Amino acid sequence: MNKIYSINGPVIKIKDSTDFQIMEMVHVGEKKLLGEVISMSKEYTVIQVYESTTGLKPGEPVYGTGEPISLDLGPGLIGNIFDGIQRPLTAISKTDGNFIVPGTNVKALDESKIWDVLFACKKGDNLSHGDVFAYVQESELIIHRLLVPQGKSGLVETVKKDGKYKITDELVEIVDEFSVKHSLTMVQRWPIKKSRPFSRRLTLSVPLISGQRVIDTLFPIAKGGTAAVPGGFGTGKTMMQHQFAKWCDADIIVYIGCGERGNEMTQTLEEFKDLVDPKSGKPLIERTILIANTSNMPVAAREASIYTGITMAEYYRDMGYHVAVMADSTSRWAEALREISGRLEEMPAEEGFPAYLPSRLSQFYERAGYVKTLNDAEGSVSIVGAISPQGADFSEPVTQNTKRFVRCFWALDKELAYTRHYSAINWNLSYSEYVGDLSKWFNKNVGVNFIQDRQKLIAILAEENKLMEIVKLIGEDVLPDDQKLVLQISKVIRVGYLQQNAFHKDDTFVPLKKQLLMMEIILYLYKRAQYIVKQGFAFSLLTSTGIFEKIIKIKYDIPNDKLSMFDDYYKMIDESLNSIR
Amino acid sequence: MKLQYIGLNEIKGPLVFIDNVRGIAFEEVLEIKLNNGEIRHGRVVEIDDNLAAVLVFEGTNELSLNNTTAKFLGHPMEIGVSKEVLGRMFSGLGSPIDGLGPIYVEKTLDINGLPLNPVAREYPRNYINTGISSIDGLTTLIRGQKLPIFSGAGLPHNELAVQIVKQAKIADKKGEEFCIVFAAMGVKNDVADFFKRSFEEAGVLEKVVMFLNLSNDPIIERLIAPKCALTTAEYLAYEKGMHVLVILTDMTSYCEALREFSSSKGEIPGRKGYPGYLYSELASLYERAGIVKDSKGSVTQIPILTMPNDDITHPIPDLTGYITEGQIVLSRELHQKGVYPPVGVLPSLSRLMKDGIGQGYTRDDHQDLMNQLYASYARVMDARSLASVIGEDELSGIDKKYIQFGNLFEKHYLNQNSNQNRSIEETLDLGWSLLSVLPKSELDRVDEKLVDEFYNQEKAFREFQIDDKIVIHKEAM
Ligand SMILES: Nc1ncnc2c1ncn2[C@@H]1O[C@H](COP(=O)(O)OP(=O)(O)O)[C@@H](O)[C@H]1O
Ligand SMILES: [Mg+2]
């Protein structure tokens, strides 16, 4: 029998054993704590333990399982909350109470629950990996398509009748070319560190719409795309992720709280039960999976949580869904890598992070994409990863390396957050590499001017940025009027457009149509005001009309469903500017 | 029958190594008896087969390789609790030091605690009225929140903490029970004394549990003191239904002790020599705050830390800010101006206030008012830095207005007496009066209706006794 030889925090060693495979899942000690084999030599097998090792003793047994760390995939994921290694937190709270006790052994998916199954195959059908063989209404919003797992294929021999079954019941029996029988149930297992196969990648050409103006207009992300949200503490990373989780137009959200606050997960859970999805009218929780590995939970499971989340996302992608993954925060994951690496006394690269940090980051973000699935449907996984740079300094390794592998960079700015300009996305530092690919979609589906207007906003803001250098030195008063106007209209853009209040009933989510109309009216105001300035009227005449303030408040004053009110504002602009003489 | 082990293999900083041990568990505690009869305490921090690395809480001074006997106790570090802890004073390791003898023990608890299941938590929503405008108005404290004070050497963080304790109406109208758990880590004797005296003056000493590790106490004990405090707090809150306010000071000393431990263990250091797991360590303390669904009680944490060199990007405040639910940052500049409490408004934040203010909690206008005060005060900073370049006289009218607003805001809103207890209405009304000093058109963060209801320039000018000589360009037309 294999026995624990040494214990150092979450890392244990076994001496002189050849029984294990690398990445194998193991059970450690009398309590059967979950662990993973992370390295081996002739002398030692090294295991990272996903639960607290307090109380573990040398000499306690270690049992192999013969498989890598894997998930149970099947109905019951949606609407649920799991920890980093897929233990169901709601079920655990019922058996173990308020605190999470090491060694709990509750099944990830409820095996006693009865589901309504509708079959999609009949005797004689030829099924192979990835084919849909039945449907289950998993939540009010999601139909779970049961997929033939990898390694099983053949002719359908028996099919049960449509009806009520548990996830472990045998539903279909198939016979492969070697006359071996396989039975299909509602659950399949998949290793978390291995990406799930698909038929092929498709190009990204559709945006993932968030209803957040600064994102959708200035720095859009594509369905199947990747984005990083770096920012110091309190700059709004979590709020941004929550806003996405609430309002973005994905079918399914996988929200991973990785090494962050317990209360934030509680809040998400409570809020998503109450909040209603504007499209379907159903509670948001009906399309959400929560993974909570909070900062005080064991660090190795924090590392796993990211993979657990992305694997679930891929599973639903394979059913033909658009899934958005929120990972808050990838820095905590990287730090977990660092901590384990330190315990293994590996040679550190930058700032103590292991040399394989970049490759791990790239493997994670590579799992995003828009694909043709094995069953010929289209699905996507988009990833929005928060980064918590130490000291809010973007030159640190996690930010820098992530930047290489993502195509949207939404840089949150401390100074903007200090002035309560939210979302505190710094428009000078942020970028999206998807704009080109998405232009066609925006111009076709929102309005022909969308991309052009966007460009104009960016140009005005860039000019403001230049002027501010001067203003900081000599003040605003000495600028010529046309430049004063640039500052004035920039303020309208910053306060009236970029700033968005997540707590306001209309402003929290803004449809693309309204985004376009807001841009257009701001640009109209600018054009008209430029004309006034050119005619030589005093600049103060312009500002004293109060029209700029009116336009700033459009975001609150025109409800999302009363867009016809924009006409009144055009009239208002004309009237106030015509009054100048 | 537990085996005893005579002698040590090696002594290295606060660590000792004991060879040929058997059946010892990771994180098990032990007693080390010196030949002179003194007993010290330690914890197993690493085991290699039959060699145990042990951290000695009281330090390894006077230990030698052959003057000790070690006895392993068969369990992790524990503390005995009951409601009798109220009004008592303990060492950092949890032994009574007030001369009143041992307490009755209802229960012994592992001081490491266990992670609270997020499903069992209740999201905190009830605000605590501290009577301090900068907190109530701008960084509202919520019951069950962890809200640290980021301070610097010589700034009045202790006075502020005491004022919060004295004025906070922790017990709500239903008269639910409240208490205070105070843990000192490496603070000077007079600081501990100041707290004790203040609790006495406030007449709450019977409601206070103190864990003291002072600056001349063993350094490694500092790693234990906050865990004893939080274990006690959780017991009082979740098992006895009390509202517990925990004050932990100084977290910087805690982190330094951790660094010392880590380096003696030969671990690869992270930023500024602190171990790579500092974040997880701090989280294992700070996350022990909150409310659970099946209990009336709550744990609210106010950790205090001094920022080395007033540097908020130093790993200790930085990692703290990433874990806690906001921060109250004290400003040396305001302190030097004579403003008390010198709350540096812009970097301060309460993450939970958004759900605990406004209609039904404080007042409708609170959120907008707060946003506007922040935004306007940020503008003050721009105006001031411009003034420092071109001189105040050269500023535009509107910039001058902001300078005036900034000075009044610091003098009347931030500044208050250390025993002044403002009601939330007072604080909110004061905010509006100050905003009314600015031209109406500058209020771009507030709803029009609120402006109509609360903006009153004449009244503000009377209130602050200013005759308005500043001519604003655009209004002159
Ligand atoms: N879009 C927003 N609208 C309004 N308030 C915001 C917004 N984003 C952030 N905030 C404020 O900032 C605080 C901190 O945001 P959070 O997302 O928790 O920061 P981070 O995760 O970066 O530390 C929130 O509690 C909230 O008060
Ligand atoms: Mg966050």
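None of the values given here were measured: they were computed from a predicted structure. Per chain, numbering begins at 1; letters A, B, ... match sequence-line order.
- When each of A:Gly342, A:Gly232, A:Gly496, A:Ala417 is checked for heavy-atom pairs under 4.5 Å with chain B, A:Gly232 comes out on top.
- Proximity of a side-chain donor or acceptor of B:Asp318 to a complementary backbone N or O of A:Gly391 within less than 3.5 Å is detected.
- In terms of non-hydrogen atom pairs under 4.5 Å with chain A, the most contact-rich of B:Tyr123, B:Tyr322, B:Tyr374 is B:Tyr322.
- Contacts of A:Thr90 with chain B are made by both backbone and side-chain atoms, with heavy-atom separations under 4.5 Å.
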- request: Please lay out, stage by stage, how A:Gln499 and B:Arg445 fare under the test side chain to side chain donor-acceptor pair (under 3.5 Å).
  value: CA-CA 10 Å; A:Gln499 232 174 70; B:Arg445 303 296 182 93; 3.2 Å; yes
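- If you run side-chain contact (heavy atoms from CB on, under 4.5 Å) between B:Pro118 and each of A:Met297, A:Glu264, A:Arg261, only A:Met297 comes through.
- Salt-bridge annotation for B:Asp48 and A:Lys13: absent, with no side-chain N of the basic residue lying under 4.0 Å from a carboxylate O of the acidic one.
- A donor-acceptor pair is defined here as one N or O able to donate and one able to accept, closer than 3.5 Å; no such pair exists between the side chain of A:Tyr418 and the backbone of B:Ala375.
- Ring planes of A:Phe99 and B:Tyr238: tilted class, angle from 30 to 60°.
- Of the two parts of B:Ser376, neither the backbone nor the side chain holds a non-hydrogen atom closer than 4.5 Å to a non-hydrogen atom of chain A.
- Interface summary for chain B: among A:Lys3, A:Glu271, A:Gln390, A:Lys472, the most heavy-atom pairs under 4.5 angstrom belong to A:Gln390.
- A side-chain contact (heavy atoms from CB on, under 4.5 Å) with A:Asn98 holds for exactly one of B:Leu114, B:Leu116, B:Val119; it is B:Leu116.
- Of the residues considered (A:Ile100, A:Thr419, A:Val495), A:Ile100 shows the highest number of contacts with chain B, using heavy-atom pairs under 4.5 Å.
- Using a distance-only test at 3.5 Å, with no hydrogens or angles considered, a donor-acceptor pair links the side chain of A:Lys553 to the main chain of B:Val446.
- The side-chain contact (heavy atoms from CB on, under 4.5 Å) with B:Tyr277 is formed by just one residue from the set A:Arg338, A:Glu335, A:Arg343; it is A:Arg343.
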